[in-house]
Peer 1: 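Before we start, here is the structure in question, set down as structure tokens.
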Amino acid sequence: MTVRIPRLAQWLGSDFDGLDRSHLVELCDQRAAEDVDLDFKQDNAYTKDVDGLDEFAKDVTAMANARGGLIVVGVTENDQGNAERLTPVAINDKLHNQLIQALRSRVFPFLPPDFRIRLIADSPTTPDSGYILIGVPRSPVAPHAVRPTGGKGQHRYGYARRLGRTTAWLDESEIAALYRDRFKLAEEHSRRVTTQFEDDCAWLAAHADDSIRLDISLVPTGRAERRIDRSFLQDVRGFLGTLTRPGGAPSAALPRDLLGHAPVIRRGRMRISGPGVHAIWHSDGSAHLQVDLTSDSPTAAQDVAVPVLNLTLLESRVLYGLHLACAYAEWAGAYGDADVLAGTSSPFQVLLDRTPLNGTARFIPGIPISGDMGRPCHRIGYLEALCNGSTQVRAMAHTISADLLADYGVYEPTLLRPDGTVRSERLAHRERVEMEAWLASTSDSN
């Protein structure tokens, strides 16, 4: 995911990843003024010594603690703080790594995953001379502290914030205010995901029966800005189609079942229902998935009156639903933290089926048990991390599965392991092939 700097993206007509030398020339031609989200540096004083790296950490966290922004190294400014001309600096991979490592040793908590540093050459013939672009997202976990490693401030934590064209250290009362804002935002976001979970479950109540159902709601802190119109409907179909390709998702089952069905539209959201699955897509990037857990279990005995809950089926649908919700949020343009609520609903008693879905064992009904389903379990993750690679989404799916299974007296998941591995051999053949293709396609799955 690219760094989002809305004002500059609108001004320059490009997001952070698309910026090149021509955009820097435009900044100079327009005499762009430094502001809370824009800072120019004529030369690279950051990597000259330890104090320079401390200053780098201060400048970056100051923007993260405000509204985010862009730092450009290699632009000379005039007396009024306006961009005047380009002054290329030395660039190379070693410098990039030095800057990243400096931040990791000085910034607490570390910056969001979509923080980026890009090196742009001044021309194709001078690859070692150019400009350093530092894209700083507005952080949902601000305030970030800096622990300098040089000078008199060594090992003392400080908090900086961008104020107009200047960067300043905050006093105790200002730091306390930032923490209050963080906790208030977290409380408000928790209420928001709870409200969505309840509203979307109510909208789907007409489809409820005596089956066992899994509900997953995801709400991002950084909202997308989509409109539910004809173009959006076509785009959603295309989005679902990409997830049915090999390696596109841990399983193509849910997106495949949602394709080809007419949507039901409401203000700011739409519902698509397929066999055994319902999806509610919100225009702000939020999503709600409801999956039937008793519709296709190959191990359920035909002559059992009590609903059967297959443990592996539940865990696989948690992973599939969570991945689909995260993928939709990122595709829609949401960002930041992702609040997730997940819960099951079922009749008073169910039978637990611990057999794999691959048909190698026969389910023998035991004694029905009563589930103890309380409030949905609540988890928070960073959306960019959940969508890139598979480590974070697998870890969250394992934690959610463990909580939901505990409501039925089960102490250990069968498919998702604590170390992040997936026992794909327990899945039916088609889903096993899809799962292994997805794991192989993610760079962090080994």
Side-chain angles (χ1 to χ4, degrees), residues 192-193 195-220 223-297 313-314 316-334 338 340-346 376 383 387 428 430-431 434 438:
R192 183 178 156 210
V193 70
T195 299
Q196 175 180 294
F197 186 90
E198 294 172 349
D199 288 350
D200 286 350
C201 284
W203 194 17
L204 296 172
H207 300 274
D209 51 27
D210 291 333
S211 64
I212 307 171
R213 297 181 306 280
L214 166 70
D215 283 278
I216 297 177
S217 262
L218 181 148
V219 174
R223 304 187 188 195
E225 297 178 358
R226 304 298 294 255
R227 293 185 58 187
I228 297 181
D229 51 21
R230 186 182 300 276
S231 176
F232 177 76
L233 302 183
Q234 294 176 346
D235 290 344
V236 168
R237 295 190 188 101
F239 156 72
L240 292 172
T242 62
L243 297 182
T244 63
R245 300 170 185 168
S251 172
L254 298 188
R256 186 168 50 230
D257 288 342
L258 290 169
L259 282 170
H261 297 277
V264 178
I265 307 297
R266 293 293 184 269
R267 182 187 302 178
R269 58 181 176 168
M270 75 174 187
R271 184 186 74 219
I272 301 177
S273 297
V277 57
H278 308 278
I280 298 177
W281 310 124
H282 292 253
S283 58
D284 65 358
S286 302
H288 185 100
L289 279 300
Q290 185 179 93
V291 184
D292 187 347
L293 298 179
T294 58
S295 60
D296 60 355
S297 173
L313 180 65
L314 182 149
S316 64
R317 269 46 186 179
V318 167
L319 178 57
Y320 301 168
L322 179 62
H323 177 272
L324 179 55
C326 292
Y328 170 77
E330 185 186 49
W331 170 84
V340 178
L341 279 185
T344 58
S345 54
S346 66
L383 184 61
C387 293
R430 183 175 185 177
E431 291 190 18
E434 292 172 343
W438 176 65

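Because the structure is predicted, anything quoted here is derived from the model rather than measured. This chain uses plain numbering: 1 for the first residue, then up along the sequence.
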Peer 1: Got a sec, which residues hit side-chain contact (heavy atoms from CB on, under 4.5 Å) with Arg266, two or more places apart in sequence or on another chain?
Peer 2: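 By the side-chain contact (heavy atoms from CB on, under 4.5 Å) rule, Arg266 matches Trp203, Val264, Arg269.
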Peer 1: Could I get the full list of side chain to side chain donor-acceptor pair (under 3.5 Å) partners for Tyr320, not counting sequence neighbours?
Peer 2: Glu431
Peer 1: With sequence neighbours excluded, give me every salt bridge (charged side-chain N to carboxylate O under 4.0 Å, His left out) pair touching residues 227-251.
Peer 2: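 Residue pairs with at least one partner in residues 227-251: Arg226-Asp235.
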Peer 1: Any chance you could measure Ile228, atom CD1, to Leu233, atom CG, to the nearest 0.5 Å?
Peer 2: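 Nearest 0.5 Å value for the CD1-CG distance: 8.0 Å.
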Peer 1: State which residues pass side-chain contact (heavy atoms from CB on, under 4.5 Å) with Leu324; sequence neighbours excluded, sorted by chain then number.
Peer 2: Phe239, Leu240, Leu243, Leu254, Leu258, Trp281, Leu289
Peer 1: Where is the tightest heavy-atom contact between Cys387 and Cys326, given as atom of each residue plus distance?
Peer 2: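 Distance-wise, the nearest heavy atoms are SG-O, 3.2 Å.
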Peer 1: Looking only at heavy atoms, what is the nearest atom pair of Val236 and Met270, with distance?
Peer 2: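 Shortest heavy-atom separation between Val236 and Met270 comes out as CG2-CE, 3.8 Å.
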Peer 1: At their closest point, which heavy atom of Leu341 faces which heavy atom of Val193, and how far apart are they?
Peer 2: CD1-O, 3.7 Å
Peer 1: So which pairs with a foot in residues 246-261 pass side chain to side chain donor-acceptor pair (under 3.5 Å), sequence neighbours left out?
Peer 2: Ser251-Glu434, Arg256-Glu434
Peer 1: Considering residues at least two apart in sequence or located in another chain, which fulfil the side chain to side chain donor-acceptor pair (under 3.5 Å) criterion with His282?
Peer 2: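 His282: side chain to side chain donor-acceptor pair (under 3.5 Å) contacts with Asp200.
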Peer 1: Minimum heavy-atom separation for Ile212 to Asp292, with atom names?
Peer 2: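 Looks like O-OD1, 3.3 Å.
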Peer 1: For the pair Cys201 and His288, evaluate side chain to side chain contact (heavy atoms under 4.5 Å, CB included) and give the outcome as yes or no after the intermediate values.
Peer 2: CA-CA 8 Å; Cys201 284; His288 185 100; 3.7 Å; yes
Peer 1: Val219 and Gln196: which non-hydrogen atoms are nearest, and at how many Å?
Peer 2: CG2-OE1, 3.4 Å
Peer 1: Check whether any side-chain heavy atom of Asp215 sits under 4.5 Å from a side-chain heavy atom of Pro376, and report yes or no.
Peer 2: no
Peer 1: Would you sort out whether Leu314 and Leu214 count as a side chain to side chain contact (heavy atoms under 4.5 Å, CB included), showing the intermediate values?
Peer 2: CA-CA 8 Å; Leu314 182 149; Leu214 166 70; 5.6 Å; no
Peer 1: Is the shortest side-chain heavy-atom distance between Arg213 and Leu204 below 4.5 Å?
Peer 2: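 Contact flag for Arg213/Leu204 side chains = no.
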Peer 1: Of all the heavy-atom pairs spanning Ser286 and Pro220, show the shortest one and how long it is.
Peer 2: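 Looking at all heavy atoms of both residues, the shortest contact is OG-CD, 3.4 Å.
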Peer 1: Sequence neighbours excluded, which residues qualify as side-chain contact (heavy atoms from CB on, under 4.5 Å) partners of Arg223?
Peer 2: Arg192, Asp284
